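One structure below.
Because the structure is a prediction, the values reported are computed rather than measured.
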Amino acid sequence: QVQLVESGGGSVQTGGSLKLSCAVSRYIYWYMGWFRQAPGKEREGVAAISRGGSTAYADSVKGRFTISQDNGKNTAFLQMNSLKPEDTAMYYCAAGGASLLRLDQRGADYWGQGTQVTVSS
């Protein structure tokens with residue numbers, strides 16, 4: 001059974017920073033992504049990364065968020081800077097296929113349980 005475990009969520013004020021982590025129980029994937037879902041809204045892609053280091057970002061987070069990975073530890077990270085209230089959501093990490101690099105959640109084979117990010121004004 002593959003498990004993805006997120007950590008690092010929390011509450012910050014506008015302009016603050018948070019770093020999310022996603023640890024995968026074993027090496028089975030080539031792509032990882034971060035998605036988020038705000039109350040009453042559909043889940044949307046935030047960022048994704050391939051094993052080779054290619055990255056993709058949603059327009060709404062470009063220049064503020066950075067996705068990275070530690071291949072030796074099967075862990076992906078999402079550094080979030082200059083946070084805005086509209087970034088408030090449950091953040092999920094996903095592992096799967098190439099579609100993740102298009103921020104398409106249909107490419108996910110595995111999901112984490114989610115970590116809450118709340119940004120207050």
Side-chain angles (χ1 to χ4, degrees):
Q1 182 71 19
V2 176
Q3 291 184 321
L4 279 66
V5 179
E6 300 109 332
S7 61
S11 298
V12 296
Q13 293 188 327
T14 298
S17 297
L18 286 172
K19 186 173 184 177
L20 306 183
S21 299
C22 176
V24 184
S25 60
R26 61 187 176 96
Y27 174 79
I28 48 88
Y29 66 92
W30 286 104
Y31 301 86
M32 287 194 73
W34 287 96
F35 294 79
R36 67 186 181 186
Q37 187 168 22
K41 295 186 177 181
E42 294 185 353
R43 187 159 52 188
E44 62 176 0
V46 176
I49 190 167
S50 70
R51 274 282 176 177
S54 298
T55 58
Y57 295 93
D59 288 343
S60 59
V61 306
K62 283 181 181 177
R64 300 188 298 121
F65 290 12
T66 303
I67 189 170
S68 61
Q69 62 190 351
D70 182 336
N71 289 337
K73 296 183 179 180
N74 289 343
T75 302
F77 305 96
L78 186 68
Q79 177 67 47
M80 305 185 295
N81 298 328
S82 302
L83 283 162
K84 304 175 182 180
E86 50 264 45
D87 294 318
T88 295
M90 185 70 78
Y91 283 70
Y92 300 89
C93 72
S99 294
L100 288 180
L101 207 57
R102 298 192 297 273
L103 302 183
D104 184 349
Q105 60 184 305
R106 292 172 296 180
D109 295 319
Y110 303 97
W111 290 93
Q113 81 286 354
T115 185
Q116 178 68 38
V117 172
T118 302
V119 185
S120 59
S121 57

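Rounding to the nearest 0.5 Å gives a distance of 8.0 Å between OG1 of Thr75 and CE of Met32. Of the inter-residue distances, the one linking Thr118 atom OG1 with Asp87 atom CG reads 11.0 Å to the nearest 0.5 angstrom. To the nearest 0.5 angstrom, Ile67 atom CD1 is 11.5 Å from Ser54 atom OG. If you take CD on Gln69 and SG on Cys22, they are separated by 11.0 Å, rounding to the nearest 0.5 Å. A distance of 5.0 Å separates CZ of Phe65 from CG of Leu83, quoted to the nearest 0.5 Å.
No more than 12 heavy atoms of other residues, nucleotides or ligands sit less than 6.0 Å from atom CD of Gln13.
Following chains of ILVMFWY side-chain contacts shorter than 4.5 Å, one cannot reach Phe77 starting from Tyr110, and the two form parts of different hydrophobic clusters. Taking hydrophobic clusters as Ile, Leu, Val, Met, Phe, Trp and Tyr residues chained together by side-chain heavy-atom distances below 4.5 Å, Ile49 does not share a cluster with Val5.
At least one donor-acceptor pair closer than 3.5 Å links the side chain of Thr115 to the backbone N or O of Gly9. Judged purely by atom type and a 3.5 angstrom limit, Glu6 uses its side chain to pair as donor or acceptor with the backbone of Gly114. Between the side chain of Thr88 and the backbone N or O of Val119, at least one donor-acceptor pair lies under 3.5 Å. Looking at Thr14, its side chain does come within 3.5 Å of a backbone N or O of Ser120 through a donor-acceptor pair.
Residues Ala76 and Trp34 share a closest heavy-atom pair of O-CZ2, 4.0 Å. Heavy-atom minimum distance, Gln116 versus Met90: N-SD, 3.5 Å. Scanning both residues, Pro85 and Ser121, for their nearest heavy atoms gives CG-CB, 4.0 Å. Nearest heavy atom pair, residue Ala94 against residue Phe35, reads CB-CE1, 4.1 Å.
Between Arg36 and the choices Glu42, Glu86, Glu44, the salt bridge (charged side-chain N to carboxylate O under 4.0 Å, His left out) rule is met once, by Glu44.
Counting heavy atoms from C-beta on, the side chains of Tyr31 and Asp109 never come closer than 4.5 Å. Contact of the Leu103 side chain with the Tyr57 side chain is not registered, since no non-hydrogen atoms from C-beta on lie closer than 4.5 Å. For the pair Met80/Tyr91, a side-chain contact is recorded, criterion being any heavy-atom separation below 4.5 Å from C-beta on. Within the 4.5 Å cutoff, the side chain of Arg64 has heavy atoms near those of the Ser82 side chain.
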Trace of the side-chain contact (heavy atoms from CB on, under 4.5 Å) decision for Val117 with Leu20: CA-CA 9 Å; Val117 172; Leu20 306 183; 4.1 Å; yes
